[in-house]
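Structure first, then comments.
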Amino acid sequence: MFLRAVDPSRPASWSAAVADLLSSGDPVAALAVFAAALRANPAALRPALPPAFRAAAAATSLAAGRQLHLLALRSGLFPSDPFSASALLHMYHHCRHPSDARKAFDEIPSPNPVIITAMASGYARNSLFYPSLALFRALLVSGSATAVDEAAALVAFSASARVSDRGITSSLHALIAKIGLDVDAGVVNTMLDAYAKGGGRDLGAARKVFDTMDKDVVSWNSMIALYAQNGLSAEALRLYGNMLNVGGGIRCNAVTFSAVLLACAHAGTIQTGKRIHNQVVRMGLEENVYVGTSVVDMYSKCGRVEMARKAFEKIKEKNVLSWSALITGYGMHGHGQQALDIFDEMRRSGQNPNYITFISVLAACSHAGLLDKGRYWYKTMKKKFGIEPGVEHLGCMVDLLGRAGCLDEAYGLIKEMKIKPDAAIWGALLSACRIHKKVELAEISAKRLFELDATNSGYYVLLSNIYAEAGLWKDVERMRLMVKARGIEKPPGYSSVELKGKTHVFYVGDKIHPQHKEIYSYLGKLLETIQEAGYVPNTSSVLHDLDEEEKESAVRIHSEKLAVAFALMNQVPGSIIHVIKNLRVCSDCHTAIKFISRISGREIIVRDLQRFHHFKDGSCSCGDYW
DNA sequence: TTAGGGTTAG
């Protein structure tokens, strides 16, 4: 351990030794040196007390802190010495005793800005945002705008990002503007974050701040990340383009890439994703664990697991997120056994799984129908890894068991669970009830679902289909009326296809696309061709208030069919077709695309809400199990 | 005294 030579006669030498030990990460040793200092030379108390308080704070040792407090009182350094006073407050806040800090603060006759800032920061650290804001406000109103105020503003904004109270950020913002406090990009970036993550969750306000500020890399990265994290992929990608073009020479870095790759993953834009990956490689950032994991995730979610695997190998220090991303990737593509092999590899490498890893593992089992493996890991996660299954794990299990026909076991799991089951769990059970035609259990699940989320049309449709398949037409009619009475609308399904870097979106039966006439006539011929090859339209996924003929025409123009037709017309012959669908792919489209893949000799990859379908030579990678 | 941005599930 480094310890500079102490000259016992010089008090400053002792305080330097305490501070050195503290900054080298050994607060306990720092406190020991402090004690030795006092024995050797009582005059060392004054300079060494503040670093000693900081050492107690770093060690979160309340007992040591209280002793120091006593010492400060007896020697008269508290409350007269401002350095000791601010360090004392800092100590109490760090030890999570803000009320003791407050008592001490009230004993200080006229606290200076440093002391007030310490107090305000401490409050913020303990999530006591209102008292922090009050002090911050008082500080700004009373004094001149100084560097201390700026530090306090930073703390205040970062706290307001974590507090669910709309208005706090804007009131702080207004206060700063009114005072004319000159804040740097660091503070404004924190403000931007506070607008977007705080109570209001106001991305528009964040964007306004962003547009008017002097931007640095962090500003661009923050705004891009905020869009990406909130699912606004197109905005994130557009902003990334702006950064490159008009960013004023600001170079993107690893953080930019991990944020923008998230947007690609979400949007499924393989072409843009590849371009950005190339850039990552050129800049030598493949080994970076954040960037690398984002690349893995991007390729997985854009349909290229083998590319994801290659990118994974390049990551120098893989962490639990990297492994989980890869497991998820294999799982989404229906490669359950490979996902489990990666999971084995992960454990052999010494990496411990976490809560999310087990979601990935169980989801992989569920997508591939690996019933016993799923049961095993569900039990083992707690037994061997001490991770208590949560709603997400239960959801995977209900899905897995339900589809395999073990409905009683699935229902049993739900009932024995301590956590309140969410809509995803009851939804999984309801879907299973449809597959296995269990009307009674379907009604139980649907009842729960309507309580949890009465506006989701999907559940009504499912239940209605279950009734229809059981020939319970009166109940079908009852459902239809219920949907009508409650004013529930089906969210529009859409599919998208990327062509030359541009994303084309198709809605059911939409006529917005400039090529729509050609697309419809092409699709018409295509459907005729596959009907000759044996395809029979299946209309069971359409709401039952249409007659058969209407149903058939509704199914004919489903968005995924439009998207596939568009891609076949426009893409380079032989290239892989990628379609992204915002809902679960319907069973008629699933059948049709299998035929299309055979007739056209093309590979078609469809990403739906939860997984991938690779259509090739007339069959699908999901094995019709989805 | 204080110090801004990123990756894994559903």
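Within every chain, numbering begins at 1; the chains are lettered A, B, ... in the order of the sequence lines, protein sequences first and strands thereafter. Keep in mind that what you see is a predicted model, and the values were worked out from it rather than measured.
With B:dT7, B:dG10, B:dA3 as the choices, the nucleotide that has an atom nearest any side-chain atom of A:Thr293 turns out to be B:dT7. Picking from B:dA3, B:dT1, B:dG6 the nucleotide with the shortest atom distance to the side chain of A:Lys197 gives B:dG6. Proximity note for A:His90 (side chain, C-beta onward) versus B:dG10, B:dG6, B:dT2: the nearest is B:dT2. Nearest to the side chain of A:Ala325, among B:dT1, B:dT8, B:dT7, sits B:dT8. Relative to the side chain of A:Asn319, the nucleotides B:dG10, B:dT8, B:dT7 differ in distance, and B:dT7 lies closest. Comparing B:dT2, B:dG10, B:dT1 by their closest approach to the side chain of A:Ser86 singles out B:dT1. Candidate nucleotides B:dG10, B:dT2, B:dT7 were compared by shortest atom distance to the side chain of A:Glu392, and B:dG10 ranks first.
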Can you give each donor-acceptor pair under 3.5 Å made by side-chain atoms of residues 276-287 of chain A, sequence neighbours left out, with the distance rounded to 0.1 Å?
{"unit_1": "A:His277", "atom_1": "ND1", "unit_2": "A:Tyr299", "atom_2": "OH", "d": "2.9"}
{"unit_1": "A:Gln279", "atom_1": "OE1", "unit_2": "A:Arg282", "atom_2": "NH2", "d": "2.7"}

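Base engagement by A:Ala185 is indicated by at least one non-hydrogen atom pair under 4.0 Å involving a base atom. Nucleic acid contact class of A:Ile356 (heavy atoms, under 4.0 Å, all strands): base. Counting any heavy atom pair closer than 4.0 Å across all strands shown, A:Arg125 reaches no nucleic acid atom. Within 4.0 Å (heavy atoms only), A:Ala424 reaches no atom of the nucleic acid at all. When heavy atoms are screened at a 4.0 angstrom cut-off, A:Asp184 is found touching no nucleic acid atom at all. No contact: A:Val188 has no heavy atom under 4.0 Å from any strand. At the heavy-atom level, A:Gln229 lies under 4.0 Å from the strands shown only through sugar-phosphate atoms. Heavy atoms of A:Ser222 sit under 4.0 angstrom from primed sugar atoms or phosphate atoms, though from no base atom. A:Val391 comes within 4.0 angstrom of no nucleic acid atom, judged by non-hydrogen atoms across all strands.
Between A:His94 and A:His90, the ring planes lie perpendicular to each other; the angle is over 60°, past the 30° to 60° tilted range.
The OG1 atom of A:Thr269 sits 8.0 Å away from atom CE of A:Met298, with the distance rounded to the nearest 0.5 Å. Between the CZ atom of A:Arg207 and the CG atom of A:Leu192 there is a distance of 10.0 Å, given to the nearest 0.5 Å. Interatomic distance, A:Met397 CE to A:Trp377 CH2, rounded to the nearest 0.5 Å: 13.0 Å.
In this structure, A:Lys301 does not reach the B:dT7 phosphate: none of its side-chain N or O atoms is under 4.0 Å from OP1 or OP2. Here A:Arg54 reaches the OP1 or OP2 of B:dT1: one of its side-chain N or O atoms lies under 4.0 Å away.
When all heavy atoms of A:Gly390 and A:Ile419 are compared, the pair lying nearest together is CA-CD1, 3.6 Å.
In this structure, the salt bridge (Lys or Arg N to Asp or Glu O under 4.0 Å) partners of A:Arg375, at least two apart in sequence or on a different chain, are A:Asp372, A:Glu409.
Atom C1' of nucleotide B:dG10 and atom CZ of A:Phe358 are separated by 18 Å, given to the nearest angstrom.
Near DNA chain B, meaning a heavy atom under 4.0 Å from it, residues 251-266 of chain A has A:Asn253, A:Ala254, A:Val255, A:Ser258, A:Leu262 in order of number.
A salt bridge links A:Lys103 and A:Asp100; the closest N-O separation between the charged side-chain nitrogens and carboxylate oxygens is under 4.0 Å.
In terms of polar N and O atoms assigned as donor or acceptor, the side chain of A:Ser294 never comes within less than 3.5 Å of the base of B:dT7 in a complementary pairing.
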